[in-house]
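Comments concern the structure below.
Quick note on labels: first sequence line is chain A, next is B, and so on, each numbered from 1.
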2 protein chains.
Amino acid sequence: MGGFPTVTDVALAAGVSRQTVSNVMNSPGIVRADTRERVEAAIKELGYRPHASARRLRTRRSSTIGIRLDPMIDGISGSVLDRFLHALTEQADAQGLRVLLFTATSPEDEITQFRRLNDGADVDGFVLTSTFAGDPRTRWLIENGISFVTFGRPWGVDDMNDPQHLWVDVDGWSGLQDATRAQQEAGARRIAYIGWPSPSGTGDERRRGWYDAMTLRGDVSASDLARLEVVTTDGVSQGTAAMQRLRQQAGQVDAVLCASDSLALGAMIANPERVPVTGYDNTPVAAAIGLSSIDQAVDEVAAGVLELLTGEFGGKVHGAPESDEPRHRLIAPRLVVREFAAIPMDVAR
Amino acid sequence: MGGFPTVTDVALAAGVSRQTVSNVMNSPGIVRADTRERVEAAIKELGYRPHASARRLRTRRSSTIGIRLDPMIDGISGSVLDRFLHALTEQADAQGLRVLLFTATSPEDEITQFRRLNDGADVDGFVLTSTFAGDPRTRWLIENGISFVTFGRPWGVDDMNDPQHLWVDVDGWSGLQDATRAQQEAGARRIAYIGWPSPSGTGDERRRGWYDAMTLRGDVSASDLARLEVVTTDGVSQGTAAMQRLRQQAGQVDAVLCASDSLALGAMIANPERVPVTGYDNTPVAAAIGLSSIDQAVDEVAAGVLELLTGEFGGKVHGAPESDEPRHRLIAPRLVVREFAAIPMDVAR
DNA sequence: TGAATATATTTGATCGATCAAACTTTTCTT
DNA sequence: AAGAAAAGTTTGATCGATCAAATATATTCA
């Protein structure tokens, strides 16, 4: 006996036609109950599985979403995207969606991949990560009417009310606001912030969360507040340097918030006074070291992405039905508090 | 003008038949040069892309490999698999192969997924990670004649010469041997090892690497050697505890080798004397902290996996052509030496 | 040159499912 | 109970590519 059973085999076994078998699988509602049962029994008995490629050829949809696997950047923060990928795959699976990976060396190359995957009916839509202002990829996808959702807001004009595409993002502002408040409630007054140089969409947002919470409380003068801030690029050693600079310029510091776990880890290294340090991303490193951190809630992000991709808008803003549904999801991150019992570090030599 | 151009459109434009167009794409050698050029021009002009699903339906192959995205374990060592995934995707892409992800909650569930993906012609084969002795998944795949390669050796009888399936693994023995030798050459004599309880395929292998190098050198007595070894389960805090135990039972220690970066990180925490510590996996944490570590060379593993999957054996041992080619690849890991300048740590309180 | 061989190209059938429309059976209406 | 409407089921065509076999063209050799 040749290969696997097909619809025709099932139909024959159940004494119905191909189409009825197809209906049982795709629109069970329109098949009479007793017929349906008969067909289902036949499917089970023969161990029938629909041939995905044949279905795709006909329906022109693949139940697959494509996502680019970004090159590992520094490895530490990179793990957020990996966790997102895990969450996305898990939740997509639960909805019968598949996740197809691809890589690309540049935005242009990525567009080539978009075209290939889309033309070949390999995927129904894409999930984009690491978007940036003026991203050519989103423009191309919009122009070609391809479904997609980004993890990361467009950072354009009025992206809340009139976004050019669907997006999900984590509210860094609220994350840092929460972290600042938590320290304030624990009795800290002089709370410092180590962040990235402006302009940086996410970076500016996080800084503003700290800044707003500090000015709202109002117990630190404006000039002191300026001294409590250090700007640097991302990285562990940069964090160490920033911490040292902070100690010089700010005098006493009750707590330190950082724009990333890399910076936070670096800050911890130059932290003999054991000032509480809070990172961002809640990476494995933070967990291992016992560092408080702001968790991006990647599972909620993944859920939001899938909702937008498969929901009312079908992954599109242009050409989608009129609706008052929001075209984005802004996820509030969770502050994970840890007592950093295990790691008192001294400055090297 | 409806959708995308098809072979027929291209054929019409080039003044040839469908099949010739197909030949240009799949066996260019049998098409006369001038015809080929004409067809290629038409393809380019029309922007033709083959419809992947249609091709798969006909050829019964998908140019896609499936891999399960394991649930994150502790996050630190988990990143090895993520790095492997990156490497695999990148190299698969270069060969025109796609990588499809899926998740599963148990080996049985995973088998269900195997069946679904295979029956639906979604994938041509699988890559398995985290295999274990008596793994039901490999048995099922063999029984069903499905192509696959494992990252991780079978740990069965004579898996070198008569493996039940194709595999790629990293030679932990040689990794620890190298690390031990490196310390010996740097002047260390009393080199300790913190490892996992036996039986553990990988764990025992790594331990043996240290043990063999130590006995070969022969400058440490057998009883001392026993005192230089601590056995514990994996984890950061276990590493710290192990290091403390080691100090008590072994007296002076010149260097410490660990079965994982988690253990190594833990060991570093209880390491005021700044004894050199070497981990395993070369995770981002090791890089960030400045910890020597043994790198699993995931890119070579990925290359090996693809070679076995697409090569002579086609991902199968049974039913594959007779051949003297090895049915596995044993990759030598690379020792990455770091001066841990930045992190002298004290024991907490 | 003409038959024999090798090379190049075309035609018809097919992969397995779903769509669209035709057909049959059941249910509702008056 | 007859006709209309609704519900359920079947048939033929189709998605886009490749296979297998047939046909056309070019090359070789006696």
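Using cut-offs of 30° and 60° on the angle between ring planes, the pair B/Phe114 and B/Phe126 is tilted.
Of the residues in residues 50-60 of chain A, those placing a heavy atom less than 4.0 Å from an atom of DNA chain D are A/Leu57, A/Arg58, A/Arg60, in numerical order. Residues from residues 34-45 of chain B with heavy atoms under 4.0 angstrom of DNA chain C, sorted by number: B/Thr35.
Listed by chain and number, the residues in a salt bridge (charged side-chain N to carboxylate O under 4.0 Å, His left out) with A/Asp9 amount to none (sequence neighbours excluded). A search for side chain to side chain donor-acceptor pair (under 3.5 Å) contacts involving B/Arg49 returns nothing, not counting sequence neighbours. Among residues two or more places apart in sequence or in another chain, the side chain to side chain contact (heavy atoms under 4.5 Å, CB included) test is passed with B/Thr112 by B/Asp109. Listed by chain and number, the residues in a side chain to side chain contact (heavy atoms under 4.5 Å, CB included) with A/Arg116 are A/Gln113, B/Arg98 (sequence neighbours excluded). Scanning for side chain to side chain contact (heavy atoms under 4.5 Å, CB included) contacts around A/Ala302 gives A/Phe84, A/Ala87, A/Leu88, A/Gln91, with sequence neighbours left out. Legend: residues meeting side chain to side chain contact (heavy atoms under 4.5 Å, CB included) with A/Asp169, ordered by chain and number and at least two apart, are A/Phe151, A/Arg153, A/Trp155, A/Trp167, A/Leu330.
Between B/Ser22 and D/dA17 there is no side-chain polar atom (N or O) within less than 4.0 angstrom of OP1 or OP2. Distances shown here put a side-chain N or O of B/Asn26 below 4.0 Å from the OP1 or OP2 atom of D/dT18. Using a 4.0 Å cut-off, no side-chain N or O of A/Ser17 falls inside it from OP1 or OP2 of D/dT11.
The side-chain heavy atoms of B/Val168 and B/Val149, taken from C-beta on, include a pair separated by under 4.5 Å. Using a 4.5 Å heavy-atom cutoff, the side chains of A/Val298 and A/Ile331 are not in contact. Using a 4.5 Å heavy-atom cutoff, the side chains of B/Leu141 and B/Ile111 are not in contact. Put simply, the side chain of B/Leu306 reaches to within 4.5 Å of the side chain of B/Ile65, judged on heavy atoms. Contact check for A/His165 versus A/Arg327: no side-chain heavy atoms found under the 4.5 Å cut-off. Two residues are said to be in side-chain contact when any heavy atoms from C-beta on lie closer than 4.5 Å; A/Asn144 and A/Asn118 fail this criterion.
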Interface polar pairs with nucleotides 21-24 of chain D, N/O, under 3.5 angstrom:
none

Collect all protein-nucleotide pairs involving nucleotides 25-27 of chain D in which both atoms are nitrogen or oxygen and the distance is under 3.5 Å.
none

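Distance CG (B/Leu12) to C1' (D/dG16): 15 Å, rounded to an integer number of Å. Regarding A/Phe4, its CZ atom lies at a distance of 15 Å from the P atom of C/dC15, rounded to whole Å.
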Item to complete: Tell me, with the steps shown, if A/Ser62 and A/Asp122 meet side-chain hydrogen bond (donor to acceptor under 3.5 Å, both in side chains).
Response: CA-CA 6 Å; A/Ser62 61; A/Asp122 271 315; over 6 Å; no
Practice prompt. Quick one: do B/Val31 and B/Val39 satisfy side-chain contact (heavy atoms from CB on, under 4.5 Å)? Show the steps, please.
Written response: CA-CA 10 Å; B/Val31 180; B/Val39 172; 5.9 Å; no
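Each side chain to side chain donor-acceptor pair (under 3.5 Å) pair with one or both residues in residues 22-47 of chain A, not counting sequence neighbours, appears once here: A/Gln19-A/Asn23, A/Ser22-A/Asn26, A/Arg32-A/Asp34.
Heavy atoms of B/Arg61 sit nowhere under 4.0 angstrom from any nucleic acid atom. B/Thr20 comes within 4.0 angstrom of a base, heavy atoms only.
Comparing the start and finish of the helix from C/dT1-D/dA30 to C/dT30-D/dA1, five pairs each, the helix axis swings through 30°, to the nearest 10 degrees.
Where A/Val21 and B/Arg18 each meet DNA chain C at their nearest nucleotide, the meeting point lying more 5' is that of B/Arg18. Nearer to the 5' terminus of DNA chain C, by closest-nucleotide assignment, is the contact made by B/Asn23 (compared with the other of A/Met25 and B/Asn23).
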